[in-house]
Amino acid sequence: MSSTPSSSTPGFIEELKWRRMLQDIMPGTEELLRKGPVKGYIGFDPTSDSLGVGNLVQVMTLLHFQRCGHQPVALVGGATGMVGDPSGKSAERNLLDEEALAFNLAGQKRQLEKFLDFSAGPTQAMIVNNYDWFRNFSFLGFIRDVGKHITINYMMSKDSVQRRLETGISFTEFSYQLVQGYDFYYLWKNQGLQLQMGGSDQWGNITTGTELIRRMEGGEAFALTTPLIKKADGTKFGKTEGGNIWLDPKKTSPYKFYQFWLNSSDEDSKNYVRIFTTLNREEVEALEAEHAKAPHLRLLQKSIAREVCIRVHSEEDYRSALEASEILFGNAPTEALSKLDEETLLSVFEGVPQVNIARSELEEGLGIVDLLSDKSGIFPSRGEARKLIQSGGVSINKQKLSDPNARQDAGGLLQDKYLLVQKGKKNYYLIIAG
RNA sequence: GGGGAGAUAGCCAAGUGGCCAACGGCAACAGACUGUAAAUCUGUCCUCUUCGGAGUUCGAAGGUUCGAAUCCUUCUCUCCCCA
């Protein structure tokens, strides 16, 4: 995705403010950014091999940063990932082994590269790995050269530590802020980074960094954080019944990904459009006004889903997700389904779970409960299938089932091969009779 | 170390010998309404079920009893107060 930094773009801070993405900011940060291009970074925690939509907030922060004419740096936490951040955690974390960590880092790195502009220039993005400067840093060296500058009293006063004092925190996790703080020092000292950003839960860790820079060298560094996004109903952003929404298409299909954004509530989408798209203020406000006039068109949700889907996946993925959505949720009747040729049908349902059954079993007709549970595994038990059918929650080829004792035969196959099963409103399965 | 309170389904929480697969609330899932939204209403919500039932639960293990989440014994864990 290319960005077009120009002198006419508004300041980064104003940009964050109207996007409702500014939580805390250290005094002097705005002045620094006004003076000229700044190198700033955000750290990513390699707990998984893919970023999730939760991380997308930070990715977008970097993107907005770059678009405002600054130089974004993404730090992948090869070292910090080995320690475990206690922020926001109520219990000690399990440590990943080095192999898993390396694997996760590679995955995240690949994803980050899709968002930022790495072409040479004054705002060229970079990715750094803190394992590079920690690898050869000995324990004694660290506690002597770094630990000496920060008091236990200071470290204990952090929220993330305080909250764990009752239940217990290992020395390892306690040290985390110092390790992360040293990152900032190192980057400040060796690569001229003056700003660290992050989610508001990172404030404590970030300020340990600026404090370290001050005490070790009398230097000055700056910080800002973005608010934690929550949904209007107070629940956590980025999760659905199916779990986390990932950027990796193998973990969350583009179709599911598109659906995730499309399903956001009106209330939430007003925030999302600011955070997750690069539309400017006028465009956002115009879109909101239009949405308010005809909310049922879901313009906001569609615009967000479109832009994010293209950015994270591709134009092509977006198109097929859109097409699939229109077929599955549009008013397309059963006939429309049967008109689809096999290729379209398969590509449309690419992101839909598929199950195979033997065609011969369908030939003589199969009890519908049998088909949906034992044969296809769509329902874990016969009773459950029966119950949902009785309450009107199951359709085959867009036709609602009402009688659990009904039978299905080969005559109803789409393209003489497929059955489209709908469980509830939003869960689709494709049965392939082979 | 002394004294007290407690452990019930995903969470909160009622139940103190049979009427208990266990009140109620939240979450979750489904239906209606709608806009694939929100709110609201209805249903489901230990497991399986041919929807008649069947099986396994109330921190753990034993015991009393025709019958236990409920009584007794031991054990494990949590919280509070005093030292």
Side-chain angles (χ1 to χ4, degrees), chain A residues 90-91 165-168 229-245 252-273 276 287-306 308-309 318 320-333 336-337 348-349 351-353 366-375 377-396 398-407 420-429:
Chain A
S90 55
L165 249 30
E166 282 290 320
T167 49
I229 1 177
K230 268 194 299 192
K231 294 197 278 179
D233 60 9
T235 56
K236 211 172 169 213
F237 166 77
K239 298 237 162 140
T240 61
E241 329 96 64
N244 246 319
I245 300 293
T252 300
S253 71
Y255 162 75
K256 267 229 156 108
F257 188 81
Y258 179 83
Q259 282 289 318
F260 167 78
W261 296 102
L262 198 69
N263 272 301
S264 15
S265 68
D266 290 7
E267 207 50 39
D268 292 328
S269 57
K270 286 177 197 154
N271 285 326
Y272 297 170
V273 74
F276 298 107
L287 198 58
E288 271 179 342
E290 251 187 286
H291 180 93
K293 266 186 258 163
H296 61 281
L297 295 179
R298 308 167 73 81
L299 278 176
L300 272 175
Q301 285 91 334
K302 283 178 184 165
S303 310
I304 299 164
R306 176 170 168 274
V308 180
C309 202
Y318 159 69
S320 50
L322 179 66
E323 196 178 346
S325 301
E326 273 168 0
I327 289 169
L328 296 177
F329 292 98
N331 303 318
L337 272 179
V348 158
F349 298 130
V352 168
L366 207 51
I368 214 137
V369 168
D370 217 25
L371 172 71
L372 295 177
S373 55
D374 299 343
K375 300 298 184 216
I378 291 171
F379 286 89
S381 77
R382 304 172 57 79
E384 215 168 293
R386 178 170 288 270
K387 265 182 202 154
L388 200 62
I389 291 169
Q390 271 163 347
S391 66
V394 184
S395 300
I396 287 185
K398 299 229 71 168
Q399 223 140 32
K400 190 167 275 194
L401 302 176
S402 50
D403 178 13
N405 297 317
R407 302 181 74 76
L420 180 67
V421 178
Q422 182 178 9
K423 170 178 157 189
K425 192 169 282 182
K426 294 167 186 171
N427 305 302
Y428 286 92
Y429 300 84

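When reading the values below, keep in mind they use all heavy atoms of this one structure, side chains included, and skip hydrogens, waters and symmetry mates.
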Write down the partner of [N] under the Watson-Crick or G-U wobble criteria, each distance required to be under 3.5 Å.
N	result
C46(B)	G55(B)
G10(B)	C26(B)
A5(B)	U78(B)
U64(B)	none
G35(B)	none

Between [atom2] of [N] and [atom1] of [X], the distance in whole Å:
X	N	atom1	atom2	value
I389(A)	C51(B)	CD1	P	13 Å
D403(A)	U50(B)	CG	C1'	14 Å
K400(A)	A32(B)	NZ	P	4 Å
E326(A)	G35(B)	CD	C1'	15 Å
D268(A)	G35(B)	CG	P	20 Å
K426(A)	A28(B)	NZ	C1'	14 Å
I304(A)	U36(B)	CD1	P	17 Å
Q301(A)	U36(B)	CD	C1'	10 Å

Indicate, yes or no, whether a donor-acceptor pair under 3.5 Å links the base of U34(B) to the side chain of K425(A).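 Flag set: donor-acceptor pair detected.
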
Spacing of [atom1] belonging to [X] relative to [atom2] belonging to [Y], to within rounding of 0.5 Å:
X	Y	atom1	atom2	answer
I245(A)	W261(A)	CD1	CH2	9.0 Å
E323(A)	L328(A)	CD	CG	10.5 Å
I389(A)	F379(A)	CD1	CZ	6.5 Å

Once you apply a heavy-atom cut-off of 4.0 Å, does [X] come out as touching a base, just sugar-phosphate, or nothing?
X	value
L388(A)	sugar-phosphate
S269(A)	nothing
R298(A)	base

Residue mapping more 5' on RNA chain B - nearest nucleotide basis, E384(A) or P295(A): P295(A)

Sorted by position of nearest nucleotide on RNA chain B, 5' first, the leading residue of G393(A) and G383(A) is G393(A)

Whole-angstrom distance between C71(B) and U16(B), as gauged at atom P: 9 Å

Looking at S381(A), does any N or O in its side chain come under 4.0 Å of the phosphate oxygens OP1/OP2 on U47(B)?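 Looking at the OP1 and OP2 atoms of U47(B), neither is under 4.0 Å from any side-chain N or O of S381(A).
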
N263(A) vs G35(B): side-chain N/O to OP1/OP2 distance below 4.0 Å: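 No, because none of the side-chain N or O atoms of N263(A) sits under 4.0 Å from OP1 or OP2 of G35(B).
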
Give a yes or no on whether the ring-centroid distance for Y258(A) and F329(A) is below 6.0 angstrom. no

Assign G43(B) to syn or anti; the rule is syn for a glycosidic angle within 90° of 0 and anti otherwise. anti

Counting only pairs under 3.5 Å, give me each side-chain donor-acceptor contact of residues 295-304 of chain A, with atom names and distances, residues two or more places apart or in other chains.
| residue | atom | partner | partner atom | Å |
| --- | --- | --- | --- | --- |
| R298(A) | NH2 | L262(A) | O | 2.7 |
| Q301(A) | NE2 | S264(A) | O | 2.8 |
| Q301(A) | NE2 | D266(A) | OD1 | 3.1 |
| K302(A) | NZ | L297(A) | O | 3.2 |
| S303(A) | OG | L299(A) | O | 2.7 |

Would K423(A) and Y429(A) count as a cation-pi pair here, with the cationic atom under 6.0 angstrom from the ring centre and within 45° of the axis? no

